[in-house]
Number of protein chains: 2
Amino acid sequence: MKSKDQNTEQAIMNAAVEIFQSKGMAGARMQEIADKAGINKALLHYYFRNKQMLFEAVFKSALGQLAPEISKIFNADLSIEEKITAFVSYYIPFVNQNRFLPVFVIQELNNNPVFAEQFFSANALPKTEKFRYQLIEASKIGEIRNVDPDQFVLDLFAVVVFPFVGRPLMKNLLQKDDQGFDDLIQGRIEHVTTMLLNSIKK
Amino acid sequence: MKSKDQNTEQAIMNAAVEIFQSKGMAGARMQEIADKAGINKALLHYYFRNKQMLFEAVFKSALGQLAPEISKIFNADLSIEEKITAFVSYYIPFVNQNRFLPVFVIQELNNNPVFAEQFFSANALPKTEKFRYQLIEASKIGEIRNVDPDQFVLDLFAVVVFPFVGRPLMKNLLQKDDQGFDDLIQGRIEHVTTMLLNSIKK
DNA sequence: GTCTATAGCCAGATAGAC
DNA sequence: GTCTATCTGGCTATAGAC
C-alpha cells in the first residue's frame with residue numbers, strides 16, 4: 001500500500017547527505033547522488049521532486065542531529081561546570097564522527113542568506129538562556145569571574161567547532177599531517193574543558 | 001605598450017572577490033561577475049582565461065591579505081601576552097571588515113581537498129613555531145600554566161575567527177538581531193584577550 | 001516503483017568584427 | 001582592448017515505457 005520504498009528513500013538520503021555535505025548545494029550533482037544511491041536521476045526526482053527539496057531535507061536532518069542534545073544539556077538541571085563538561089565531551093566526538101556537518105551548515109547559511117532567514121523563522125534553534133542565566137547568577141554571587149554570558153557561549157562553540165571547520169587551514173598552520181591533527185583532536189576534550197573552566201575561574 | 005588595462009583588471013578582481021566570496025566557486029556565475037565589473041563575459045575570459053584561474057587569483061589574494069600580519073606578529077620580538085593582544089586587536093577588526101573572507105577560504109578548502117593540497121604545497125602559510133616555542137619555555141619556567149601550544153593556537157584562531165564564520169548560526173542561537181550581534185563583536189576584543197590570558201595564567 | 005531517452009535551459013568558453 | 005553572437009557541454013527536470 002506504500003507509495004515510496006523505505007529502503008530506496010533511505011539510500012537516497014544517505015547518498016545526498018554525503019554529496020551535499022562535501023560539495024555544498026551549488027557544487028553537488030544530482031547524477032552523482034543517483035550513482036551513489038545506486039539508482040538513476042529520474043527516480044531521484046520521483047522521490048524528492050527537485051534538487052532544492054532534496055537539499056532542504058538533507059539540511060534539516062543535519063541541523064536536527066545537532067540541535068536536540070544542545071537543548072538537553074543546556075536546559076538540564078546541572079551546574080555550570082557540569083554543563084560545560086557535558087557539552088564538550090558530547091560534541092567533540094560527535095562532530096569528529098560527522099566532520100562535514102558543521103562546514104556544510106555554516107557554508108549554506110552564509111551562501112544563502114534568504115534561505116537562512118526563512119529556515120530559522122520556521123525552525124527554531126535550541127534555547128540557551130537558562131545556561132546564560134546561570135552564568136549571570138554565578139558571577140553575581142562571586143562564584144565565577146564576571147563574564148558576559150553571550151561572549152562565553154560564543155567561546156564555547158568556537159573552541160569546540162572551529163577545529164573541524166578550519167581543519168585544512170589549521171592543519172597546515174600547525175604543520176601537522178592527518179594523523180598528527182587527529183591526535184590533537186583526541187586531546188581536545190580535556191584541553192578545552194580545562195581551558196574554559198580556567199577562563200571563568202576566580 | 002601594456003597588454004592589459006590596469007583599471008579593467010582591477011574592476012574584474014573587485015567584482016570577482018565580491019561574487020566568489022559570497023557565493024563560493026561553484027555558486028558564482030561569470031555573467032554576474034562581468035555585470036558587476038561593468039564589462040561582458042568575453043572580456044572576462046580575455047583577462048583571466050577561465051573561471052578556475054579567476055577563482056585562484058581571488059583565493060590567493062584572499063589568503064595573501066590574511067597571512068602577512070599573522071607572520072609578522074608571531075615572529076616578532078614580543079612577549080606571549082603582547083602577541084596575544086596584538087593578534088586579537090588586529091584580526092577581529094580586520095575580519096569584521098572582510099566578513100566573507102574566512103568563510104570563503106574555509107569553504108573552498110573543504111570542498112576542494114585536491115586544490116587545497118596543491119595550493120599549500122605551492123604557497124606556505126606563516127610559521128607559528130616561534131610563538132609555540134615561547135609557550136613551551138614559559139610553561140617550563142612556571143610563568144604560565146602547563147599548556148599544549150598547538151591546542152592554544154587552535155583556541156586563539158577559534159575564538160577570533162569563529163564568530164564571523166558561524167555568525168548566522170550564533171546570531172540565532174543567542175537570539176540577537178544584526179545590531180545586537182555587531183555589539184557583541186565590538187566587545188569581543190576585550191573579552192577574548194582577557195579570557196585567553198586567564199586561561200593560561202597560573 | 002524503476003528505468004531509458006530526451007527536452008530545455010543555462011553557463012563557460014570561443015570566433016570574429018571593430 | 002572591448003564588443004556581439006554563437007557554439008558546446010552539462011545539468012535539471014520530465015515524458016513515457018515497463
Side-chain angles (χ1 to χ4, degrees), chain A residues 1-61 104 107-108 111-112 114-115 118, chain B residues 1-62 104 107-108 111-112 114-115 118-119:
Chain A
M1 226 41 186
K2 66 186 179 219
S3 72
K4 306 248 162 136
D5 184 299
Q6 287 296 323
N7 294 330
T8 307
E9 182 158 351
Q10 196 53 52
I12 293 176
M13 272 302 281
N14 292 343
V17 163
E18 200 167 321
I19 303 296
F20 274 127
Q21 291 194 6
S22 65
K23 312 205 167 175
M25 164 69 177
R29 294 293 161 251
M30 295 296 266
Q31 184 64 59
E32 203 179 349
I33 295 173
D35 290 348
K36 180 145 288 189
I39 55 162
N40 56 62
K41 276 192 296 178
L43 203 52
L44 216 54
H45 285 85
Y46 174 77
Y47 275 81
F48 288 88
R49 196 167 170 80
N50 59 37
K51 191 183 180 183
Q52 182 66 28
M53 285 186 177
L54 179 54
F55 165 75
E56 287 180 18
V58 169
F59 187 85
K60 201 162 179 171
S61 124
F104 169 66
Q107 161 175 338
E108 298 306 328
N111 290 349
N112 312 296
V114 178
F115 166 73
Q118 289 169 352
Chain B
M1 223 43 184
K2 67 190 180 212
S3 73
K4 306 249 164 136
D5 184 301
Q6 288 296 323
N7 293 330
T8 306
E9 182 157 351
Q10 196 53 52
I12 293 176
M13 272 302 282
N14 292 342
V17 162
E18 200 168 321
I19 303 295
F20 274 126
Q21 291 194 6
S22 64
K23 310 205 169 176
M25 165 66 176
R29 295 291 162 252
M30 295 296 266
Q31 184 62 61
E32 203 179 350
I33 296 173
D35 290 348
K36 181 144 290 192
I39 55 162
N40 56 61
K41 275 194 295 179
L43 202 52
L44 217 54
H45 284 85
Y46 174 77
Y47 275 82
F48 289 88
R49 201 171 166 77
N50 59 37
K51 190 183 181 184
Q52 182 66 27
M53 286 184 176
L54 179 54
F55 165 76
E56 287 180 19
V58 169
F59 187 86
K60 202 163 180 171
S61 123
F104 169 66
Q107 161 175 338
E108 298 307 329
N111 290 349
N112 312 295
V114 179
F115 166 73
Q118 289 170 350
F119 184 86

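Every chain is numbered from 1, with letters handed out A, B, ... down the list of sequences.
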Gln52(A) CD to dT12(D) P, in whole Å, measures 12 Å
Qualifying residues under side chain to side chain contact (heavy atoms under 4.5 Å, CB included), relative to Asn14(B), sequence neighbours excluded: Gln10(B)
ring-ring contact (aromatic ring centres under 6.0 Å, His included) filter on Phe119(B), not counting sequence neighbours, yields Phe59(B), Phe115(B)
Is it true that Glu108(A) and Asn112(A) share a donor-acceptor pair across their side chains at a distance under 3.5 Å? yes
Length of the CG-P vector between Leu44(A) and dT12(D), whole Å: 9 Å
Expressed in angstrom and rounded to an integer, what is the separation of Asp35(A) atom CG from dT12(D) atom C1'? 15 Å
Residue pairs passing the salt bridge (Lys or Arg N to Asp or Glu O under 4.0 Å) test where at least one lies in residues 26-44 of chain B, sequence neighbours excluded: Glu18(B)-Lys36(B), Lys23(B)-Glu32(B)
Could you list the protein-to-nucleotides 2-4 of chain C atom pairs, N/O on both sides, closer than 3.5 Å?
residue, atom, partner, partner atom, Å
dT2(C), OP1, Thr8(A), OG1, 3.0
dT2(C), OP2, Thr8(A), OG1, 3.3
dT2(C), OP2, Tyr47(A), OH, 2.6
dC3(C), OP2, Asn40(A), ND2, 2.8
dC3(C), O5', Asn40(A), ND2, 2.7

Please give me every residue in residues 23-34 of chain A whose heavy atoms get under 4.0 Å of an atom in DNA chain C, ordered by residue number. none
Using only side-chain N and O atoms of His45(B), determine if any of them is under 4.0 Å from OP1 or OP2 of dA13(C). yes
Partner set under side chain to side chain contact (heavy atoms under 4.5 Å, CB included) for Ala28(B), not counting sequence neighbours: Ile19(B), Phe20(B)
Measure across Asp5(B) and Tyr47(B) and return the closest heavy-atom pair with its distance rounded to 0.1 Å. N-OH, 3.1 Å
Please name the pair of heavy atoms, one in Ile33(A) and one in Ala15(A), separated by the smallest distance, quoted to 0.1 Å. O-CB, 3.6 Å
For Ala57(B) and Met13(B), which heavy atoms make the closest approach, and how far apart are they? O-CE, 3.9 Å
